[in-house]
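Each remark here refers to the structure printed beneath this line.
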Number of protein chains: 2
Amino acid sequence: MAASTKDPRPCSIADALALVGEKYSLLVLREVCLGNGRFDQLVRNIGAPRDILATRLRRLVDAGILTKRVYSERPQRFEYRPTQAGLELEPVLLTLMAWGDRHLRPDDDRPMVVEHICGNEMLPVVTCAACGAPVHHEDLAAHPQTPGWTVTGPTAA
Amino acid sequence: MAASTKDPRPCSIADALALVGEKYSLLVLREVCLGNGRFDQLVRNIGAPRDILATRLRRLVDAGILTKRVYSERPQRFEYRPTQAGLELEPVLLTLMAWGDRHLRPDDDRPMVVEHICGNEMLPVVTCAACGAPVHHEDLAAHPQTPGWTVTGPTAA
DNA sequence: ACCGGTGAGTAGGAAATCCGAACTCACCAT
DNA sequence: ATGGTGAGTTCGGATTTCCTACTCACCGGT
C-alpha cells in the first residue's frame, strides 16, 4: 500500500511546523500577540516582503490562528489578531525567546523583557502538568503510537 | 546611519528561528532527542532530501546544538547527538507537539505519547519561574529594551 | 575474488520559493 | 491638485529546495 520510500514519522510537531514553520509565520504571531496587527506594522517590524507577508497572513487566517478584523470602514482598514489557538502558541514563542536570550546573547542585552502579573520578570519554565516538576530530558520516555516507528535511544519504549 | 527601510525589530525569537527555523531543523532535533541520530535514520524518519539534511546537520553542529560523534571507526560511522543547548530546545518541541495534538487532531489519535518519570503522561505547561503560575496572555506585559520599538496592544509598556 | 547491501554523503538539473521594487486602488488632508 | 497612508498585487530575477542518481568505503556471504 503505502510506499516504502518517503512517508516520514507521523508527528504533531511536523504537522504544527507545516502550518507555522514557514519563514516569518512565527514572527507574525509575535507581532500580533504584541498588538501590532496592521499590515504595514508587520512589514516594518518583521522585515518581510509584502507579498510573502500577504501569503502568510492568508494561511494563518485560514488555519484559524489569526482573524482579520476591520477597525475602520471608509477608509477600509484591517487588523490581524490572534485567535484562541494563536494565543496558545505564545508559550512556544516565550520559550524560544528565552532560549535565544540564553544561548545567542552572552551578555545581558536582551532585546525584550516580559513582565508577569506577579511583578517579576517572566522566565518561562516548562513543567509536567501531572506532577508540576520542570521537564528534564532524562525524565521522559517517548511512546510512538504507530507501529513501525520506534525510538532507539535512552528514551526507548 | 541605519537605513530607514529593512531593519526589523531586534528579537531573540527571530535570532533563534534564524538558526533552527529552517525547514527540517526542528525535526532533526526531534529525532536526535529520540535517539535516532544516524544519517539514514534521519532521512527516513524526517523525509528530507539527503543533501538538505547534510546542510542542516552542518549548520546545527556549527551552532553548537548538535555534536557529531563517531560510533564506529573502520567502517567510519557517525551519530548526531544533542548538546546541552540542543536539549534545552526540547521543551519547545514538547510544547509545539502538545499544541499540534490539541489543535490539529480533533480525536485522540496522537502519534506519540510522552511519559514522565512521575508515571503520568507528560502534558507540558509553561509556567512563570518566579511565581509558578501557568502563563496566560493577559498576565504578560512586554517591555522592549531598544528605543523606537514599541508595542501598541493591551501589552503596551 | 565476487556480489549485494549499508552508511554517509555529493552532483546536477528541474521545480518551487523568495526577494525588492514598483504598481494599484481607495481614501483623507491641505 | 498634490501628497500621503494603508493594504495589498504584480513583476522578473535570485535563491533554495527537491529528486534521482552517483560515489566511496566497508562488510558479509559463497
Side-chain angles (χ1 to χ4, degrees), chain A residues 2-8 14 17-28 31-32 34-62 66-81 150 152-153, chain B residues 2-8 14 17-28 31-32 34-62 66-81 150 152-153:
Chain A
S4 57
T5 47
K6 205 54 181 308
D7 36 14
L17 287 174
L19 261 187
V20 299
E22 291 170 301
K23 206 168 178 183
Y24 305 122
S25 292
L26 285 177
L27 298 183
V28 169
E31 288 302 319
V32 161
L34 290 172
N36 305 328
R38 307 186 185 177
F39 193 86
D40 277 29
Q41 280 178 323
L42 293 170
V43 168
R44 272 191 297 279
N45 294 359
I46 294 172
R50 311 173 76 79
D51 58 344
I52 307 265
L53 184 62
T55 307
R56 295 294 181 272
L57 288 169
R58 248 191 304 274
R59 211 163 141 54
L60 291 171
V61 169
D62 287 355
L66 261 41
T67 50
K68 180 179 191 172
R69 91 170 32 207
V70 174
Y71 72 87
S72 152
E73 309 269 0
R74 335 248 358 83
Q76 189 147 31
R77 292 295 136 79
F78 312 99
E79 183 181 20
Y80 294 90
R81 303 177 123 277
T150 58
T152 72
Chain B
S4 57
T5 47
K6 204 57 183 303
D7 35 15
L17 287 174
L19 262 186
V20 300
E22 291 171 301
K23 205 169 177 182
Y24 305 122
S25 291
L26 285 177
L27 298 183
V28 169
E31 287 301 320
V32 161
L34 290 173
N36 304 327
R38 308 188 182 176
F39 193 84
D40 277 29
Q41 279 178 323
L42 293 169
V43 168
R44 271 191 297 280
N45 294 359
I46 295 172
R50 312 174 74 80
D51 55 350
I52 306 271
L53 184 62
T55 307
R56 294 294 180 271
L57 287 169
R58 251 190 302 272
R59 211 162 139 56
L60 291 171
V61 169
D62 287 354
L66 261 41
T67 51
K68 181 179 188 171
R69 91 170 31 207
V70 174
Y71 71 88
S72 149
E73 310 271 358
R74 331 251 357 83
Q76 191 148 32
R77 291 296 135 78
F78 312 100
E79 183 182 17
Y80 294 90
R81 303 176 124 277
T150 58
T152 72

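Chain A is the first sequence line, chain B the second, and so forth, proteins listed ahead of strands; every chain is numbered from 1.
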(message) Can you work out whether B:Lys23 or A:Gln41 has the more 5'-proximal nearest nucleotide on DNA chain D?
(response) A:Gln41
(message) By nearest heavy atom, map B:Ile52 and A:Tyr80 onto DNA chain D; which one lands nearer the 5' end?
(response) A:Tyr80
Atom [atom1] of [X] to atom [atom2] of [N]: distance rounded to whole Å?
{"X": "A:Ile46", "N": "C:dC18", "atom1": "CD1", "atom2": "P", "value": "14 Å"}
{"X": "A:Leu53", "N": "C:dG20", "atom1": "CG", "atom2": "P", "value": "13 Å"}
{"X": "B:Phe39", "N": "C:dT6", "atom1": "CZ", "atom2": "P", "value": "16 Å"}
{"X": "B:Phe78", "N": "D:dA25", "atom1": "CZ", "atom2": "P", "value": "13 Å"}
{"X": "B:Glu22", "N": "C:dA16", "atom1": "CD", "atom2": "P", "value": "21 Å"}
{"X": "A:Glu31", "N": "D:dA7", "atom1": "CD", "atom2": "C1'", "value": "17 Å"}
{"X": "B:Glu79", "N": "C:dT6", "atom1": "CD", "atom2": "P", "value": "19 Å"}
{"X": "A:Asp40", "N": "D:dG6", "atom1": "CG", "atom2": "C1'", "value": "5 Å"}

(message) Here's a test of your reading of the structure: between A:Arg56 and B:Arg50, which maps to the more 5' nucleotide of DNA chain C?
(response) B:Arg50
Which listed nucleotide ([options]) is nearest to the side chain of [X]?
{"X": "B:Arg77", "options": "C:dT10, C:dA26, D:dA25", "value": "D:dA25"}
{"X": "A:Ala54", "options": "D:dA7, C:dG7, D:dT9", "value": "D:dT9"}
{"X": "A:Pro75", "options": "C:dG7, D:dC19, C:dC27", "value": "C:dC27"}
{"X": "A:Arg58", "options": "C:dC18, C:dG7, D:dT9", "value": "D:dT9"}

(message) Can you say whether a donor on the side chain of A:Asp51 sits under 3.5 Å from an acceptor on the base of C:dC18, or the other way round?
(response) no
(request) With B:Arg38 as the cation and B:Tyr71 as the aromatic partner, state whether NZ or CZ is under 6.0 Å from the six-membered ring centre and within 45° of the axis. (result) yes
(request) Find out whether the Lys NZ or Arg CZ of B:Lys68 is both under 6.0 angstrom from the six-membered ring centre of B:Tyr80 and within 45° of the ring's axis. (result) no
(message) To the nearest 0.5 Å, what is the distance between CD on B:Glu31 and CG on B:Asn45?
(response) 4.0 Å
(request) Check for a donor-acceptor pair, side chain of B:Arg50 on one end and backbone N or O of B:Asp40 on the other, with a separation under 3.5 Å. (result) no
(request) Check whether any side-chain nitrogen or oxygen of B:Tyr24 sits under 4.0 Å from OP1 or OP2 of D:dT16, and answer yes or no. (result) no
(request) Output yes when at least one side-chain N/O atom of A:Lys68 is less than 4.0 Å from OP1 or OP2 of D:dG6, else no. (result) no
(request) Could you tell me whether A:Glu22 and A:Arg59 have a side-chain N and a carboxylate O separated by less than 4.0 Å? (result) yes
